[in-house]
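Note on naming: letters A, B, ... go to the chains in the order of the sequence lines (proteins, then strands), and numbering restarts at 1 for each one.
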Protein chains: 2
Amino acid sequence: MTAIIKPTESELEILNILWEKGPCTVREVHEVLEQNKDAGYTTTLKLMQIMHEKSLLLRDASSKSHIYTANVSQQKTQGQLVKRMIDNVFNGSASQLVMQALGHHQTNKAELEEIKKYLEEIERLQSK
Amino acid sequence: MTAIIKPTESELEILNILWEKGPCTVREVHEVLEQNKDAGYTTTLKLMQIMHEKSLLLRDASSKSHIYTANVSQQKTQGQLVKRMIDNVFNGSASQLVMQALGHHQTNKAELEEIKKYLEEIERLQSK
DNA sequence: GTAAACCTACGAATGTTTTCGTAAATGCAA
DNA sequence: TTGCATTTACGAAAACATTCGTAGGTTTAC
């Protein structure tokens with residue numbers, strides 16, 4: 001019965017900030033957003049209000065500046081987005097996505113090792 | 001100067017069909033689409049016309065039924081979408097995406113082996 | 001040749017996302 | 001207390017995505 005999480009691109013930007021920084025006011029979120037693009041304060045406010053309506057965010061309205069918190073986990077959201085990409089873009093093949101990701105992006109040695117370990121663990125689990 | 005490819009979800013469905021089947025008429029594309037969802041014929045037509053305007057598709061209008069061809073490669077499109085996901089969802093970490101993809105999806109032994117080989121090749125290249 | 005079937009073009013309605021202006025409320029400082 | 005800065009609420013515009021009806025042209029079958 002897991003709810004379908006489908007944040008838009010703007011919503012994702014806001015979620016990323018909240019995942020990183022924890023509970024924030026609109027002002028705090030806005031100041032981070034401003035570093036990468038320019039949009040008015042009320043735009044950020046409105047977005048976060050809509051996200052609250054959609055239950056993507058929780059809101060503590062007890063002080064003057066409301067405090068917002070992500071109401072979806074980063075893990076779960078990432079998982080759903082990856083699943084959707086595998087289905088829609090890679091015809092269901094996770095390994096195709098993996099190779100695409102490894103092929104075109106800088107991945108340092110430590111990360112590669114980590115992935116390798118992870119692979120071996122999966123194989124161990126599967127062979128049981 | 002690589003153009004930014006940003007197909008919508010519906011457009012991606014159409015691209016997938018054209019990548020798989022090669023050049024198609026609207027009718028042919030529509031018949032495949034119908035298997036998974038119901039939309040009218042003119043909806044598919046309109047979408048493909050818009051994709052042609054955007055240069056996502058090429059069109060041969062020499063016969064009565066125009067023949068459309070994908071004008072963006074599957075490789076390149078997948079690459080861009082993956083890059084965007086890494087940036088927007090995984091804060092730039094390809095390995096995070098890889099592990100998310102491996103963790104939550106069935107990947108059979110052959111695929112795992114393929115990925116492992118791929119990893120080793122990357123390491124070989126890097127160590128030079 | 002005529003009718004039926006099929007195709008394209010086009011406009012418009014609908015829904016969603018993003019943006020921002022304005023007004024009202026709240027808290028703070030002098 | 002009065003005025004300024006900050007905040008929320010709200011409405012609406014603008015952009016984009018999706019859907020479909022209708023009109024008009026072309027081909028096919030009889």
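- A straight line from CG of B:L56 to C1' of D:dC16 spans 14 Å, rounded to a whole angstrom.
- Distances shown here put a side-chain N or O of A:K54 below 4.0 Å from the OP1 or OP2 atom of C:dT17.
- Nearest-nucleotide mapping onto DNA chain C: of A:S63 and A:S10, the residue sitting toward the 5' end is A:S10.
- A straight line from NE2 of A:H52 to P of D:dC10 spans 13 Å, rounded to a whole angstrom.
- Annotation for A:E34: atom CD counts as buried by contact number, over 12 foreign heavy atoms lying within 6.0 Å.
- Atom CE in A:M48 sits roughly 15 Å away from atom C1' in D:dA9 (whole-Å rounding).
- Comment: A:E11 does not engage A:K6 in a salt bridge, judged by the lack of any side-chain N to carboxylate O separation of less than 4.0 angstrom.
- Looking at residues 36-44 of chain A, you'll see A:Y41, A:T42 sit with a heavy atom under 4.0 Å from some atom of DNA chain D.
- The phosphate of D:dT7 has neither OP1 nor OP2 within less than 4.0 Å of any side-chain N or O from A:R59.
- Counting only distance, with no hydrogens or angles, the side chain of A:D60 and the backbone of A:Y68 share no donor-acceptor pair below 3.5 Å.
- To the nearest 0.5 angstrom, B:F90 atom CZ is 10.0 Å from B:S95 atom OG.
- One interatomic measurement links the two molecules: CD of B:E28 to P of C:dC6, which rounds to 14 Å at whole-angstrom precision.
- Checking side-chain atoms of B:T42 against main-chain N and O of B:L45 turns up no donor-acceptor pair under 3.5 Å.
- Atoms CE (A:M51) and P (C:dT19) sit 13 Å apart, rounded to a whole Å.
- Phosphate contact (OP1/OP2 of D:dC10, side-chain N/O of A:Q49, threshold under 4.0 Å): absent.
- Candidate nucleotides C:dA9, C:dT18, D:dT18 were compared by shortest atom distance to the side chain of B:E9, and D:dT18 ranks first.
- Between the P atom of D:dT7 and the OH atom of A:Y68 lies a distance of 12 Å, rounded to the nearest Å.
- A:L33 places its CG atom 12 Å from the P atom of C:dC20, with the value rounded to the nearest Å.
- One cannot find a donor-acceptor pair under 3.5 Å joining the base of C:dC20 and the side-chain atoms of A:K46.
- Between the NZ atom of A:K64 and the P atom of C:dC28 there is a distance of 7 Å, given to the nearest Å.
- A close approach under 4.0 Å does not occur between any side-chain nitrogen or oxygen of A:R27 and OP1 or OP2 of D:dT6.
- With distances taken from any side-chain atom of B:L47 to the nucleotides C:dT8, D:dT18, D:dT8, the minimum falls on D:dT18.
- Listed for the A:N71 side chain is a donor-acceptor partner under 3.5 Å among the backbone atoms of A:S55.
- Side chain of B:Q96 to backbone of B:S93: no donor-acceptor contact under 3.5 angstrom is found.
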